[in-house]
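Quantities reported herein were computed from a predicted structural model and do not represent experimental measurements.
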Amino acid sequence: MRITHPQAAFQGIAPENVFFVANDQQIQLGTGYVMQFFQGELYPDRPNHLFLQIDCQPTARALMFGALLARAEQLRAMNPDLPARLYAQVAPENLEMLKFYESCGLRNDDGEDMFRFLPPAGVPQAPMGMTFASVPLQDEMSQNAFLARINAQRIQPITRDYLQLWQQQQHFMALGFYRGGQPICEAVFTGAGSSATLLMIYTRSDYRRQGMAKNLIGAASSLLRERGVNTMYTHIFRRNVPQVALMRRLNGAFVRTVTALPGIDL
């Protein structure tokens with residue numbers, strides 16, 4: 001079998017980060033790629049993220065993984081003092097791929113999990129010295145500014161299309177605490193009927209560990225309960241300590257794993 005690079009960017013990914021694999025008869029067996037990005041807000045202890053994707057025949061997977069691992073090590077070496085993690089994304093029911101990644105040394109110790117919790121008690125007001133208000137989303141500029149703030153706290157970015165789709169739902173709310181017009185903590189909720197979903201929440205780094213996120217959820221919950229909401233859902237990353245702690249404080253109940261993220265620290 002042979003591993004090659006494409007001659008040009010593949011799906012927007014630089015050709016040196018993409019690999020094609022073919023057998024000795026030059027029949028294509030699949031593709032793979034690795035993407036590097038940095039997420040210091042969500043994972044300050046290990047901000048260098050190296051995401052790999054393998055889409056090829058089983059006979060070529062080991063060769064493809066080896067090529068991607070070698071390229072990931074090259075990318076990591078560009079920032080040798082920055083802790084890194086190599087990981088993949090797998091549907092939790094795809095036991096074959098999970099077993100393959102585990103055989104390659106990746107640990108199935110991370111994932112995106114769904115939790116259910118009751119809307120906590122709260123009042124629609126901000127802590128002293130701050131204001132409680134809706135996020136301005138009237139035009140494209142304000143929407144893009146809001147998305148830039150919340151996407152800095154995410155692995156997969158939210159697009160304007162998704163934001164506009166959520167805005168059409170019954171329980172859509174984008175709320176925040178502000179001081180001097182500057183956002184301190186912001187959250188997005190949506191849903192319909194008796195349930196709502198906390199899509200995203202973040203607190204500015206210099207205001208963390210002060211209960212801002214729980215207070216904002218409580219403030220929003222007081223408004224959602226008036227609309228008949230009695231159950232809330234959200235997704236959290238298993239290795240994100242603040243998100244896990246927030247669910248613990250809200251007495252959240254695990255529902256299911258949405259996505260498995262097997263990985264290894266480099």
Side-chain angles (χ1 to χ4, degrees), residues 11 13 19 21 29-37 39 41-43 45-69 72 84-118 150-151 153-159 162 165-166 169 188-192 195-202 231-266:
Q11 296 181 0
I13 305 170
F19 297 86
V21 62
L29 299 178
T31 61
Y33 61 82
V34 60
M35 296 176 61
Q36 182 182 42
F37 62 97
Q39 181 45 276
E41 292 290 340
L42 193 60
Y43 291 106
D45 295 334
R46 196 161 293 277
N48 189 357
H49 284 223
L50 297 160
F51 171 73
L52 68 88
Q53 176 68 37
I54 294 176
D55 184 15
C56 65
Q57 296 295 323
T59 55
R61 284 176 186 160
L63 180 62
M64 178 63 75
F65 180 83
L68 293 173
L69 179 60
R85 182 173 177 83
L86 176 72
Y87 71 100
Q89 181 175 340
V90 184
E93 63 273 12
N94 191 344
L95 300 181
E96 179 186 1
M97 284 305 295
L98 284 172
K99 184 176 180 180
F100 167 75
Y101 284 125
E102 289 175 342
S103 71
C104 293
L106 273 63
R107 297 184 296 274
N108 187 18
D109 60 356
D110 192 15
E112 186 178 9
D113 297 330
M114 177 186 288
F115 274 74
R116 179 180 62 248
F117 60 97
L118 299 177
I150 63 175
N151 284 337
Q153 320 288 329
R154 295 179 56 84
I155 290 180
Q156 295 177 322
I158 297 172
T159 65
Y162 274 108
L165 180 64
W166 293 334
Q169 296 194 29
V188 186
F189 302 82
T190 191
S195 65
T197 297
L198 169 60
L199 296 168
M200 178 65 199
I201 187 166
Y202 82 92
T231 306
M232 297 183 69
Y233 295 88
T234 195
H235 292 180
I236 69 168
F237 290 107
R238 202 177 302 156
R239 291 176 60 249
N240 185 271
V241 175
Q243 291 181 354
V244 173
L246 178 61
M247 280 300 99
R248 189 177 297 116
R249 290 195 296 270
L250 293 172
N251 295 315
F254 172 81
V255 177
R256 63 184 177 89
T257 295
V258 178
T259 302
L261 300 169
I264 186 172
D265 295 341
L266 298 179

*Given Leu106, Val90, Ile54, Asn94, the one that forms side chain to side chain contact (heavy atoms under 4.5 Å, CB included) with Phe100*: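 Testing Phe100 for a side chain to side chain contact (heavy atoms under 4.5 Å, CB included) against Leu106, Val90, Ile54, Asn94 leaves exactly one candidate, Ile54.
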
side-chain hydrogen bond (donor to acceptor under 3.5 Å, both in side chains) filter on Glu96, not counting sequence neighbours, yields Arg61

Residues passing the side-chain hydrogen bond (donor to acceptor under 3.5 Å, both in side chains) test with Arg238, sequence neighbours excluded, are Asp113, Thr257

With sequence neighbours excluded, residues passing side chain to side chain contact (heavy atoms under 4.5 Å, CB included) with His49
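Partners of His49 under the side chain to side chain contact (heavy atoms under 4.5 Å, CB included) test: Phe37, Gln39, Tyr43, Tyr87, Ile155.
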
Across all chains, not counting sequence neighbours, the side chain to side chain contact (heavy atoms under 4.5 Å, CB included) partners of Ile158 are Leu147, Ile150, Asn151, Arg154, Tyr162, Trp166

Worksheet item: Just wondering, do Gln53 and Gln11 contact through their side chains at under 4.5 Å, heavy atoms?
Response: no

Inset, instruction - For the residue pair Tyr101 and Asn108, establish whether any side-chain heavy-atom pair is separated by less than 4.5 Å. - result: no

Gap separating the [atom1] atom of [X] from the [atom2] atom of [Y], nearest 0.5 angstrom:
{"X": "Leu261", "Y": "Glu112", "atom1": "CG", "atom2": "CD", "value": "7.5 Å"}
{"X": "Phe19", "Y": "Thr31", "atom1": "CZ", "atom2": "OG1", "value": "11.5 Å"}
{"X": "Thr59", "Y": "Met64", "atom1": "OG1", "atom2": "CE", "value": "11.0 Å"}
{"X": "Leu69", "Y": "Leu50", "atom1": "CG", "atom2": "CG", "value": "10.0 Å"}
{"X": "Leu68", "Y": "Met35", "atom1": "CG", "atom2": "CE", "value": "12.5 Å"}

Review point. How would you list, by chain and number, every residue that makes a ring pair (Phe, Tyr, Trp, His ring centres under 6.0 Å) with Phe65, sequence neighbours excluded?
Key: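 With sequence neighbours excluded, Phe65 shows a ring pair (Phe, Tyr, Trp, His ring centres under 6.0 Å) to no residue whatsoever.
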
Distance-minimising heavy-atom pair for [X] and [Y]:
{"X": "Asp109", "Y": "Arg85", "answer": "OD1-NH2, 2.9 Å"}
{"X": "Cys56", "Y": "Gly30", "answer": "CB-CA, 3.5 Å"}
{"X": "Leu98", "Y": "Ala260", "answer": "CD2-CB, 3.9 Å"}
{"X": "Ala72", "Y": "Val34", "answer": "CB-CG2, 4.3 Å"}

message = Is it the case that over 12 heavy atoms from other parts of the model lie below 6.0 angstrom from the CG atom of Asp265?
response = yes

- Query: Should we count CE of Met200 as having more than 12 external heavy atoms under 6.0 Å?
  - Reply: yes

Does the Arg46 side chain pair with the main chain of Ala84, one donor and one acceptor, at a distance under 3.5 Å? yes

Practice problem: Report yes or no: does Thr234 contribute a side-chain atom to a donor-acceptor pair with the main-chain N or O of Leu198 at less than 3.5 Å? | Solution: yes

Distance-only donor-acceptor hits, side chain of residues 240-255, under 3.5 Å, sequence neighbours excluded:
| unit_1 | atom_1 | unit_2 | atom_2 | d |
| --- | --- | --- | --- | --- |
| Asn240 | OD1 | Gln243 | N | 2.9 |
| Asn240 | ND2 | Leu42 | O | 2.7 |
| Gln243 | OE1 | Phe237 | N | 2.7 |

